[in-house]
Protein chains: 2
Amino acid sequence: MDERTAAKPDQAVIGSPRRSPSQQRSRERVERMLAAASALIAEQGSDAMRMGEVAERAGVSIGSLYQFFPDKRAIVWALAERYTAESQACISAALTDVRDAEGLKQAFSELVDIYYQLFLAEPVIRDVWSGTQADKALRELELADSRANAEFLVAVLKRLRPDTDPLELETTAFLVWQMGEAAVRLAISVDREEGDRLVEAYKRMALRELVGA
Amino acid sequence: MDERTAAKPDQAVIGSPRRSPSQQRSRERVERMLAAASALIAEQGSDAMRMGEVAERAGVSIGSLYQFFPDKRAIVWALAERYTAESQACISAALTDVRDAEGLKQAFSELVDIYYQLFLAEPVIRDVWSGTQADKALRELELADSRANAEFLVAVLKRLRPDTDPLELETTAFLVWQMGEAAVRLAISVDREEGDRLVEAYKRMALRELVGA
DNA sequence: TCAAAATGTGAGTAATCCTCACATTTGCAA
DNA sequence: TTGCAAATGTGAGGATTACTCACATTTTGA
């Protein structure tokens, strides 16, 4: 929730270039650094991870750490990049040979399950991608807000579809709402034209789910 | 991306209780503090916001700031809470008198537009809720990853629905993918049972959109 | 009127990130 | 082998910044 010193006011430049390990020895050390960081993130979260602790656990000096990683975020980024590479391979394998609708259903369902299990089981992944990181209290507020808003939707749905299971309506409304927030956040992250398309697509999708049509 | 000192290892306790302004004078000062924080967040983002700067702009001492806000995050939280309160009122008004499917379509569509416009226009809201805040570089990585994964889906969809506009397929796939990530993140934030329901609901919703059924 | 409560202040404390000047090791051409 | 440049290793210290605290001032209410 704030960057430390030294970081000049230049802002997130992804990660200024640092030496990349060319010798066997340094490659092993970098692996140890990443392993140490991973363990610490699993234990306490990336926010609480201290650079000094990473260095100590990896058995290297703080200076060595900064020899290969420009800053703290770069370490988290490196871990995240590995996970994305792995998961892309997995996704590619699952989807490339899909030929019909039934196959897509199968493959998609499995992929979602895998993703879900991964998030449940891997604290590091959870930490790194938890809404692309976040403030605990803010996340709570957001969830509570989303739930409250979903309630208004549930009230409407109960009137429109009195024969549907209320629990299902609840789930649907909550999900639709949360996805709306995700859709809007996505939309503002891309150029305006694509953003507009995404928001429209979300509306169609959500309404199809809500009123079925 | 890291908490400063003093914060003992107790972890996010939402915001330890601080004095709440009871006199007119202090209420006005607290308003000034929030306004200053809001302006600074709009200018540089909440990460770059410095407590000293907030105090200076509000025309109060650093000590006064901490008299009413337990820590830096509490200020952002207070701003976020206001926005959620406002938006809830708006949502409630829009949805309470919906009586039929057509009315829901209208109201929902309008709400989404309002939300979208709000995010586009208000830097503070964008900052506070940008995935519940985040690391720029990580967000980039996530988006790139999501896009790459969506491509695999697009390839499949092009085979299954060769007559649909490719741009639409692209949009759908990207959206579906991003929502899957949102759904999983949501699922792990709630208890297991509800999480499972949400993931299943997402699958149904996504597949209905992808293969239409 | 005046004491207690509320509020205001800002220099100082405690971390923490990151740098840098200098030491050590490795790769490799002569 | 030798020697030298490049790569790598080190950790004390610089630079910031969130947050505290002992004390001053103002407001409240009996």
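Just so it is clear: chains get the letters A, B, ... in the order the sequence lines come, proteins before strands, and each one is counted from 1.
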[X] [atom1] to [N] [atom2], straight-line distance once rounded to whole Å:
X	N	atom1	atom2	result
K72(A)	dT19(C)	NZ	C1'	18 Å
F68(B)	dT7(C)	CZ	C1'	6 Å
E28(A)	dT8(D)	CD	P	13 Å

Earlier contact from the 5' end, DNA chain D, for I62(B) and Q24(B):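 The 5'-side residue here is I62(B).
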Any chance you could measure I188(A), atom CD1, to L198(A), atom CG, to the nearest 0.5 Å?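 I188(A) atom CD1 to L198(A) atom CG measures 12.0 Å (nearest 0.5 Å).
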Distance, nearest 0.5 Å, that separates CZ of F108(B) from CD1 of I91(B):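 That separation rounds to 10.5 Å.
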Nearest of dC17(C), dT20(D), dT25(C) to any side-chain atom of Y66(A)?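 Minimum distance to the Y66(A) side chain belongs to dC17(C).
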Of the candidates dT27(D), dT10(D), dC17(C), the side chain of S61(A) sits closest to dT10(D)
Evaluate whether atom CD of E56(A) has more than 12 neighbouring non-hydrogen atoms of other residues, nucleotides or ligands under 6.0 angstrom away. no
Phosphate-side-chain proximity, [X] and [N], N/O vs OP1/OP2 below 4.0 Å:
X	N	result
R29(B)	dG8(C)	yes
R50(B)	dA18(D)	yes
R18(A)	dA7(D)	no

Under 4.0 Å, heavy atoms only, any strand: does S22(B) hit a base, just the sugar-phosphate, or nothing? sugar-phosphate
